[in-house]
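The structure appears below as structure tokens.
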Amino acid sequence: GENVEQHPSTLSVQEGDSAVIKCTYSDSASNYFPWYKQELGKGPQLIIDIRSNVGEKKDQRIAVTLNKTAKHFSLHITETQPEDSAVYFCAASTKNTGNQFYFGTGTSLTVIP
Amino acid sequence: NAGVTQTPKFQVLKTGQSMTLQCAQDMNHNSMYWYRQDPGMGLRLIYYSASEGTTDKGEVPNGYNVSRLNKREFSLRLESAAPSQTSVYFCASTTLPGTEAFFGQGTRLTVV
């Protein structure tokens, strides 16, 4: 099956700085790459996603980039705020395995006021 | 809309006991999933149901069974709980496989 690796596992930034989280995947057939934010005691919530026919997508302070050749994708958060503090998960899915989601191991982001 | 609702939120079981985790969604989604979340391991798929009437194994199905009762409900059963099944369990649903997943609030299960 697919293998998704995520780095770093923890990240601390000053408020207003940018944060970048990187993921790699193994299955070249993967075609959907969502990012989820999980706050303490809650379920993950989608914050942005990208499909394999697109290289970059932005939504206000959040952007995702995808490099299909290198099989990696990244989450960029600009002008970070304390409420961005959470655990972030990347995921990949492919038709080859019934469009199951394979998740990275998560990044705990702390934004220091 | 409540979205995805899981019950119970917390449960403590003794080794060997059985229980069923319930999940219901009110978004008319076709596909439903059960994940477990363990520290440092992200979310791992236990079972999924691509559509009503079908179920398939995910990455870690051993020790679990599922039932897609109808389009709204997807339950996860532990027949004989083991300490290794101590985890947080999340149910999720999607309109179609490979689209945005909506998650429930989770069930924190401890097996002693």
Side-chain angles (χ1 to χ4, degrees), chain A residues 1-10 21-27 29-54 57 59 64 75 86-108, chain B residues 1-10 21 23-25 27 29-51 54-61 66 68 87-108:
Chain A
E2 174 67 278
N3 181 41
V4 178
E5 295 190 357
Q6 182 172 348
H7 300 280
S9 56
T10 61
I21 303 170
K22 299 183 178 183
C23 288
T24 61
Y25 61 98
S26 61
D27 189 342
S30 287
N31 56 5
Y32 176 62
F33 306 92
W35 285 90
Y36 285 85
K37 176 182 180 182
Q38 185 177 26
E39 296 175 340
L40 199 61
K42 296 186 177 180
Q45 275 199 301
L46 181 77
I47 55 171
I48 196 166
D49 56 10
I50 192 167
R51 295 198 177 272
S52 57
N53 57 348
V54 175
K57 184 176 178 181
D59 183 4
V64 57
L75 178 71
V87 178
Y88 292 81
F89 292 96
C90 63
S93 78
T94 167
K95 287 182 188 175
N96 291 354
T97 51
N99 287 304
Q100 295 179 40
F101 291 108
Y102 291 87
F103 283 85
T105 50
T107 296
S108 178
Chain B
N1 281 352
V4 179
T5 303
Q6 290 182 236
T7 54
K9 289 187 169 51
F10 300 94
L21 282 64
C23 175
Q25 52 90 10
M27 296 173 284
H29 283 174
N30 293 304
S31 304
M32 297 185 74
Y33 309 80
W34 276 105
Y35 291 90
R36 60 177 289 172
Q37 184 175 36
D38 302 295
M41 301 191 73
L43 292 118
R44 293 181 293 166
L45 184 65
I46 305 170
Y47 271 93
Y48 68 103
S49 171
S51 60
T54 69
T55 59
D56 286 287
K57 296 179 181 179
E59 288 179 79
V60 289
V66 290
R68 183 76 182 265
S87 188
V88 181
Y89 291 85
F90 286 99
C91 177
S93 68
T94 63
T95 51
L96 293 169
T99 59
E100 178 183 358
F102 292 81
F103 286 83
Q105 294 277 60
T107 295
R108 185 173 294 275

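Please read these numbers as outputs of a predicted model, since none were measured by experiment. Below, chains carry the letters A, B, ... as their sequence lines are ordered, and counting in each starts from 1. We use all heavy atoms of the structure for the numbers below, so side chains are in, but hydrogens, waters and symmetry mates are not.
Residue-level contacts of residues 44-52 of chain A with chain B, in order of numbering, are Pro44(A), Leu46(A), Arg51(A); threshold 4.5 Å between heavy atoms.
If you measure heavy-atom distances from Tyr35(B) to chain A, the contacts under 4.5 Å come from the side chain alone. Contacts between Ala101(B) and chain A at a heavy-atom distance below 4.5 Å involve backbone atoms as well as side-chain atoms. Only the side chain of Leu45(B) comes within less than 4.5 Å of a heavy atom of chain A; its backbone N, CA, C and O stay farther away.
Note: Thr94(B) OG1 to Phe101(A) CZ = 6.0 Å, rounded to the nearest 0.5 Å. Between the CZ atom in Phe103(B) and the NZ atom in Lys42(A) there is a gap of 15.5 Å [rounded to 0.5 Å].
By the 4.5 Å heavy-atom criterion applied to side chains, Glu59(B) and Phe103(A) are not counted as neighbours.
In terms of the salt bridge (Lys or Arg N to Asp or Glu O under 4.0 Å) criterion, residue partners of Lys37(A) (sequence neighbours excluded) are, by chain and number, Glu39(A). Under the salt bridge (Lys or Arg N to Asp or Glu O under 4.0 Å) criterion, Asp38(B) pairs with Arg36(B), Arg44(B), sequence neighbours left out. Applying the side chain to side chain contact (heavy atoms under 4.5 Å, CB included) criterion to Thr24(A), with sequence neighbours excluded, gives Glu5(A), His72(A).
Of the N and O atoms on the side chains of Gln37(B) and Gln38(A), at least one donor lies less than 3.5 Å from an acceptor on the other residue.
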